[in-house]
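This report concerns only the one structure given below.
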Amino acid sequence: MRTETPPTIRLEEYRPSDHLIDSVDLDVRLAPRETRITAVFALRPNPAGEPGAPLVLDGDDLTLLALDLDGQTLPPDAYAASSFGLTLHRPPQRPFTLRIETQVDPTANTKLMGLYRSNGVYCTQCEADGFRRITYFLDRPDVMSVYTTRIEADRGEAPVLLGNGNPIETGEAGHGRHYAVWHDPHPKPAYLFALVGGRLDTVATRFTTMEGRAVEVAVSVEPGKGSRAGYALDAVIRSMRWDEAVFGRAYDLDVFNVVAVSDFNMGAMENKGLNIFNDKYVLASPETATDQDYANIETIIAHEYFHNWSGNRVTCRDWFQLCLKEGLTVFRDQEFSSDMRSRAVHRIGEVRTLRARQFPEDAGPLAHPVRPRAYAEINNFYTATVYEKGAEIVRMLRTLLGEAAFRTGMDRYYADNDGRAATVEDFLDAFARASGRDLTAFAQWYERPGTPRIAVEGRYDAAERTYALNFRQSLPGGGPPLVIPCALGLVGSSGTLAGAVCPQVRDGVFVLETASAAITFAEVPEAPVPSLFRGFSAPVRTEMSLSDAERLALLRHDADPFNRWQSAQSIGMRILVERAGARAPESDDAGPAAQDFAGALAAFLDTEALADPAFAALVLGLPGEGDVANEIGAEIDPDAIHRARQTLRRHLGRALASRLSGLRGDLADVPGAPFSPDAAAAGRRALRNAALDLIAAADPVVGADLARAQLDGATNMTDRLAALGVLSLIPGEAREAALAAFGERYADEPLVLDKWFAIQAAIPEEDTLERIARLRQHPAFSMTNPNRVRALIGSFGLTNPTQFARTDGAGFALLAETVEMLDRSNPQIAAKLLTTFGSWRMLEPARSSKAGEILARIRAIPGLSRDVADIAARTFAG
Ligand code: B3K
Ligand code: ZN
């Protein structure tokens, strides 16, 4: 591990590479401990670079075995090599060939970056800078090359050999070894390189593109798990079809491979023609996967596939432009999932994620613009801001330009930048030209951190029949105003007031471009309730003092489902914030506002629950404890928030009890009916289980009985896990017995055990720390598997606020110990875990001072990785 302070890399210091590599020929001879890589590069000086500059190749933990230039061995004074780089002091000023032989140890590679082994399967992860752990290279996304890869391995150990592009040759290599050669005709940056070698089961099918290309589509998984790969395979086909229909983008190779491995740092990776996945996002069966798992698989399969155009065909000039591929591709996967499922329900889910993950990031010490301007460690910038807020920017662009101009702009972006490494400016330029609009002011969204606040006031003039709205925007850091599309409408006593007109509102959208603005609606027959930011048309916080009665009117009548849900959330939030702020004790009675709220929910359930169960389940779901903490924003007391939420859940559970059990009956599965993971069936399960949760909150005895019965009779993991989750919150023998039985039943199913670890880590009780200590000794737990660590330790930090932020500091200490331990083997995962401290300064003083002490202790650990040192420094400083 290197100890010197790494330099900060800055956007304004971008310079093109002094050299280019047109082609890369690799010969990779796989072996568990000594894999040898022979790389032949066709190099030339970059006309846009500095003439005569040295050639500085990146490396990371490499052993150099041999080096020659145009077939000639280089004299020792011509170059300098270490395991972290290779420099040719005076490279030729003409095209030349460099041949480099390196050796790596895939078995010892616990960072899971570069070439490593997962359960015996050789695989690679190169984004952002893992290729330099395979060979020396110009490891930057604006150096694009055509790759040919020969992969050789022991046939018994690795009968399946996969690479980027198309397969062109296979054969015997002697001594029980064989090889495959893959050629990828599309120039690409090194971060998209991949190979796989191992024993794998494959399911496959064919897809013919709209251009008539027959594509072999395959999903490969660890042996014995092929029966769980079908849903992912189908999701690939639906993604291919959708990208053709909606964006006019066809696949461009003869094969498309997805491979699932069990040790993976993130969700998946879009390597050209060879997407490699965390198996959590591929494997699914009714017995092992929840509805959420199915939905995640569908989304992530689509996301990685869509990168083939938004990321691979058009890639990023440098890592500051990461949102160019990630924000855009998240937007594309969100649209896909919305088309596959319920658009309204999906949008609510997107916004919940944004608020739970991105808003706190944007309000804390790790806040950064969607396009950051500086970084010390790029792997720490694969954030909710770059991904989720990045997607919101693309969505706003579509709202501003309209569907047609947006699509024209996308086409232009692809046409102008195909095969290039592009920038955010290139992206916006395509839309500006397609629409004739000046997007200079809009571009500020990429540059400014922090969530804008929009304060709104409304005034009705009965005599004039007008309604005036005043908007005022403010950004945490100050600065010029942003361009903010606000989709809106006015709602009257029986629905949207369609006759109300306002010249500044076009197609239902008002664009706020100045620090403040006033607009007036005419022909308003009655005092309306404004429905603002319909569909969450901008990633902002809205401040408007509506009464509960007005919010309930929106819940009843608004044409916009998002705002119907939002109004229920806002009422719940107000009650929770008030009780938590007053440090109120837990109680059976949550007060008069909660009574009205329950009454409105009862009416809502009576009229709508069966028509759209998925939506009803969302309306019933109160804001989470983290959401309430974010709303309070200072001097947070997680225990007070927990008590407030318990009180309101109990109150609603009691008030709605008979309806909730009625719904559970109405929504019961037909006995013997086959399982379907589709949105309609999942929606019924969601409402049934939301009802169970509230019933149990109101009456733990009844709840425990129902949950036990559901656990025993469940025919799918969604129902089983929901029941276990309910039981896990009711202390006693029954809980312990249920947990033990579940653990035994799924002892050989690591992905199911992850759910079991996570449920236990979330128990809001004093002895959860001891429980976690016990679970760390469980035979299935492993510190080297990122999914296990995230399930047990990560989810403790993210989903158990009362125990993570304990006043004695023991919860923080558990995270810190894990970070310290993991930093030695897998710094990326360690750094990610450490980000759970992001909101520490918002805690009440007793807790924040403990968190501060522990952060200071982490910072002082000698030899910290760059990943962890960077997060620790920024978290502490902010
Ligand atoms: N592009 C990858 C993420 C790589 C993360 C590197 N630390 C997956 C994705 O966003 O599709
Ligand atoms: Zn992505």
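Counting convention: from 1, in listed order, for ligands and their atoms alike. Hydrogens, waters and symmetry mates are skipped; everything else that's a heavy atom, side chains included, is used. One-based numbering along the sequence shown.
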Are [X] and [Y] ion-paired here, with the side-chain N under 4.0 Å from a carboxylate O?
X: Lys389; Y: Glu392; answer: no
X: Asp418; Y: Arg313; answer: yes
X: Lys272; Y: Asp252; answer: yes
X: Lys111; Y: Asp61; answer: no

What's the atom name of the N, O or S in His307 nearest to the Zn ion (ligand 2)?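 That would be atom NE2.
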Hey, which N, O or S atom on Glu326 ends up closest to the Zn ion (ligand 2)?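 For Glu326, the N/O/S atom sitting closest to the Zn ion (ligand 2) is OE1.
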Nearest protein heavy atom to [atom], by residue and atom, and its distance?
atom: atom 7 (N) of ligand 1; result: Asn379 OD1, 2.9 Å
atom: atom 1 (N) of ligand 1; result: Glu127 OE1, 2.6 Å
atom: atom 10 (O) of ligand 1; result: Tyr387 OH, 2.5 Å
atom: atom 8 (C) of ligand 1; result: Ala268 O, 2.9 Å
atom: atom 11 (O) of ligand 1; result: Glu304 OE1, 2.7 Å

Atom indices of ligand 1 within 4.0 angstrom of [X] heavy atoms, with elements:
X: Met269; answer: 1 (N), 2 (C)
X: Gln828; answer: 7 (N)
X: Glu326; answer: 1 (N), 9 (C), 10 (O), 11 (O)
X: Glu270; answer: 1 (N), 2 (C), 8 (C), 9 (C), 11 (O)
X: His307; answer: 9 (C), 10 (O), 11 (O)
X: Lys325; answer: 1 (N)

Sequence neighbours left out, what passes salt bridge (charged side-chain N to carboxylate O under 4.0 Å, His left out) with Arg249? Give chain and number order. Asp411
Leu253 side chain reached by Asn308 side chain, heavy atoms, under 4.5 Å: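 The answer is no; the side chains never approach within 4.5 Å.
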If you define the side chain from C-beta out and look only at heavy atoms, does anything of Pro539 sit under 4.5 Å from Leu354? yes
Pair Phe406 and Phe331, ring centroids less than 6.0 Å apart: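 Yes.
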More than 12 heavy atoms from other groups under 6.0 Å of CZ on Arg352: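 No, CZ of Arg352 has 12 or fewer neighbouring heavy atoms, counting only those of other groups under 6.0 Å.
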Determine whether any heavy atom of Met113 lies closer than 4.0 Å to an atom of ligand 1.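 So Met113 does not count as touching ligand 1.
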